[in-house]
Structures are given as C-alpha cells and as structure tokens.
Amino acid sequence: VKPKACWLANPDGKQLCDPVEGVDHEPVPGEAPHWHFNLLPLDPVKKAMFVIQVGEEEAMVDLCAGAAPCAHGILNVFKAEHDPEWRGFLELTLHGDAGDLELRFYRSAGRRTSWQSHTGKPEAFDIPADTKVTISFPGKFEGKIVELAPRNMDKNEDEDGVPNMREGGLTNYFIFPGESGQDAEWLVGLKWRSLAVVNLELPDGKKYVCDPFVLVPHEVL
C-alpha cells in the first residue's frame, strides 16, 4: 500500500509544509518498492512529527530533524523504563551476505546547524561492556532472539578497525554472532525482512527498549 501523502507538523497539529507524494525506490529488481519523501518545512520547526497518510488514515512518527545513520544501518529511537521522557538513538546494521549484526547506541544524534542537511557526529551512549543486549523478531520469526556482545574486551574495534572501548570498560558497540557460536545463517540473504526489537539491561538493572521497526540488509538501503 503506497502512502497517499506525507508532511511535517508541530505538536499542535499545525502543518509545517505542503503534503508531498512519495517517489518510488526499488532497491532490488522485482522487490516491492519503498518511497522517498522530500519535505521542505517552513521555519520555525519545533518538536515536529512526520505525518503519513494512507487512504483516509493518518499516522504520526517522532522526527529528529537532520538525524541520519552513520554506519549504513537503520536508525531508531530507544527509551528508558526508569525515565519515560528520556530518548536515545540506536543504529542497527544487518550484513545480508553473512547474517551478522552491528549495533551502536547514541545519546544524541548530533547537533545540526542552520547550513547542514544532517546532524554532525553522534554522541556515543556508553554502557558497561557486560550489558545484556538482545534483539527479538516479532512476526515471521517470532521466538527468535539473538544476544549481542562486544567484539572483544580490549579495543572492541568495528569492521573498519575503529576502537570503541572507553575507560572503565564502557562501550556503545555490540555485534552478533562474534565468537558466541550462535547461528546467523537464518539472517542471510538480500531478500531478508523482519520486525526487530532491541532490549538492553544494564548491570544495575536499568532497562531500555525500542519500538518494533523493520530491519533489512544494509545492501538494499
């Protein structure tokens, strides 16, 4: 089902730009397309919502202007059980050729100036390296859960060799399957699609979770 139109609105419902139609984007020949929307809001943009209209129904999504993935993944918001008003960002990258996952946590998506289309470098949300981080897959893969961990407890390098371990054994970077021995074969393939939910529980008992979002291999984004 193709969205009829999208626009930006402030919390009071005031439209910040004219509704626009989506432009079809077919990432893989023969696959169902998704849509790109080019929205040009009027100033000032406050805490805005992204409004999607399908038929006569409308749905609203929180918007952080300029926020964008930094590691070829999918960006989503996650929440704190102990602080309902707090929000952070996570970026999950699925490598469809091998079924491996990279997960990064951000405290902020970065600052955006008036002349930038995207925010700057995000601020890491560092947590203890022994934090329990899991991803579940509602729907088609109901019951499947994977557990993520740092690549190692030394530098915890990402796939580009950039270290992510900070003083005190803190990090924002977790991977699957790593050396865990967990099966990743079921995540392989460019046609792989699923809902995903990220959960983390810190050693002190604090819990964080995100709303379900659609995960696809980064190769088709």
Side-chain angles (χ1 to χ4, degrees), residues 11 47-50 60-95 100-112 119-139 141-159 162-182 184 187 194-215 218:
K47 185 177 180 181
M49 306 291 288
F50 181 69
M60 293 182 289
V61 180
D62 287 331
L63 177 72
C64 180
C70 300
H72 311 291
I74 293 176
L75 197 66
N76 195 17
V77 172
F78 69 103
K79 307 172 184 179
E81 185 179 89
H82 60 279
D83 185 354
E85 297 300 315
W86 186 90
R87 295 292 184 270
F89 294 86
L90 62 83
E91 183 176 357
L92 182 58
T93 307
L94 168 61
H95 298 274
D100 56 315
L101 297 163
E102 294 181 276
L103 177 61
R104 294 168 171 85
F105 295 108
Y106 307 129
R107 183 178 301 277
S108 164
R111 296 184 180 277
R112 180 190 182 199
T119 58
K121 183 179 179 180
E123 178 187 353
F125 178 67
D126 285 335
I127 55 179
D130 59 350
T131 295
K132 184 177 181 181
V133 180
T134 61
I135 304 176
S136 57
F137 301 87
F141 297 107
E142 187 71 46
K144 287 279 191 181
I145 298 177
V146 301
E147 187 165 345
L148 294 82
R151 188 180 304 278
N152 56 62
M153 302 303 271
D154 183 17
K155 294 183 179 180
N156 192 24
E157 305 91 335
D158 64 19
E159 295 200 351
V162 178
N164 290 281
M165 191 68 76
R166 258 77 69 180
E167 185 177 353
L170 301 177
T171 187
N172 74 321
Y173 178 72
F174 295 79
I175 65 168
F176 166 88
E179 302 297 324
S180 68
Q182 297 175 83
L187 289 157
S194 177
L195 290 175
V197 177
V198 176
N199 284 272
L200 57 152
E201 182 174 352
L202 274 59
D204 64 5
K206 291 180 179 178
K207 297 179 180 180
Y208 300 80
V209 67
C210 73
D211 291 332
F213 64 100
V214 177
L215 178 62
H218 80 89

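Along the sequence shown, residues are numbered consecutively beginning with 1. This structure is a prediction, so every number in the text was calculated from the model and none was measured.
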**Expected output: side-chain E91 to main-chain G73 donor-acceptor under 3.5 Å** = yes
**Distance (rounded to the nearest 0.5 Å) between F141 CZ and L215 CG** = 10.0 Å
**Request:** Could you check if a side-chain atom of E159 sits within less than 4.5 angstrom of a side-chain atom of R151, using non-hydrogen atoms only?
**Result:** yes
**Minimum side-chain heavy-atom gap F125-L90 below 4.5 Å** = no
**Request:** Check the surroundings of atom NE2 in H72: do more than 12 heavy atoms from other residues, nucleotides or ligands lie under 6.0 Å from it?
**Result:** no
**Request:** Locate the shortest heavy-atom distance separating M165 from G169; write the atom from each residue and the value.
**Result:** SD-C, 3.9 Å
**Request:** Would you mind reporting whether F89 and V77 have side-chain heavy atoms less than 4.5 Å apart?
**Result:** yes
**Item:** I135 vs F176 side-chain heavy atoms within contact, under 4.5 Å
**Value:** no
**Request:** Return yes if some donor-acceptor pair links the side-chain N/O of N76 with the main-chain N/O of D211 below 3.5 Å, else return no.
**Result:** yes
**Prompt:** Within the side chain of D100, is there an N or O that forms a donor-acceptor pair under 3.5 Å with the backbone of I175?
**Reply:** no
**Request:** With sequence neighbours excluded, tell me which residues meet side chain to side chain contact (heavy atoms under 4.5 Å, CB included) with A80.
**Result:** H82, D83, W86, Y208
**Request:** May I have the step-by-step check of side-chain contact (heavy atoms from CB on, under 4.5 Å) for L195 and V214, ending in yes or no?
**Result:** CA-CA 4 Å; L195 290 175; V214 177; 3.9 Å; yes
**Message:** For the backbone of N164 and the side chain of T171, can you confirm whether one donor and one acceptor N or O come within less than 3.5 Å of each other?
**Reply:** yes
**Request:** Quick one: do N152 and E179 satisfy side-chain hydrogen bond (donor to acceptor under 3.5 Å, both in side chains)? Show the steps, please.
**Result:** CA-CA 9 Å; N152 56 62; E179 302 297 324; over 6 Å; no
**Prompt:** Quick one: does F174's side chain get under 4.5 Å of I127's, heavy atoms only?
**Reply:** yes
**Item:** Side-chain touch P163/N156, heavy atoms, less than 4.5 angstrom
**Value:** no
**Prompt:** Has the side chain of Q182 got a donor or acceptor atom that lies under 3.5 Å from a matching backbone atom of E147?
**Reply:** yes
**Prompt:** Can you tell me how far CG of L200 sits from NZ of K207, rounded to the nearest 0.5 angstrom?
**Reply:** 11.0 Å
**Request:** Rounded to the nearest 0.5 Å, what's the gap from CG on D130 to CG on L202? Could you check?
**Result:** 8.5 Å
**Item:** Minimum-distance pair of heavy atoms, taken over all atoms of S136 and I145
**Value:** CB-CG1, 4.1 Å
**Item:** Student check: side-chain heavy atoms of R87 and K79 closer than 4.5 Å
**Value:** yes
**Item:** Within-4.5 Å side-chain heavy-atom neighbours: K132 and N199
**Value:** no
**Message:** Using the rule given for side-chain contact (heavy atoms from CB on, under 4.5 Å), can you reason through E81 versus K206, listing the C-alpha separation, both sets of side-chain angles and the distance that settles it, and then say yes or no?
**Reply:** CA-CA 7 Å; E81 185 179 89; K206 291 180 179 178; over 6 Å; no
**Asked** Quick one: does T93's side chain have a donor or acceptor within less than 3.5 Å of a partner on A71's backbone?
**Response** yes
**Message:** The criterion is salt bridge (charged side-chain N to carboxylate O under 4.0 Å, His left out); which residues satisfy it with E102, sequence neighbours excluded?
**Reply:** R104
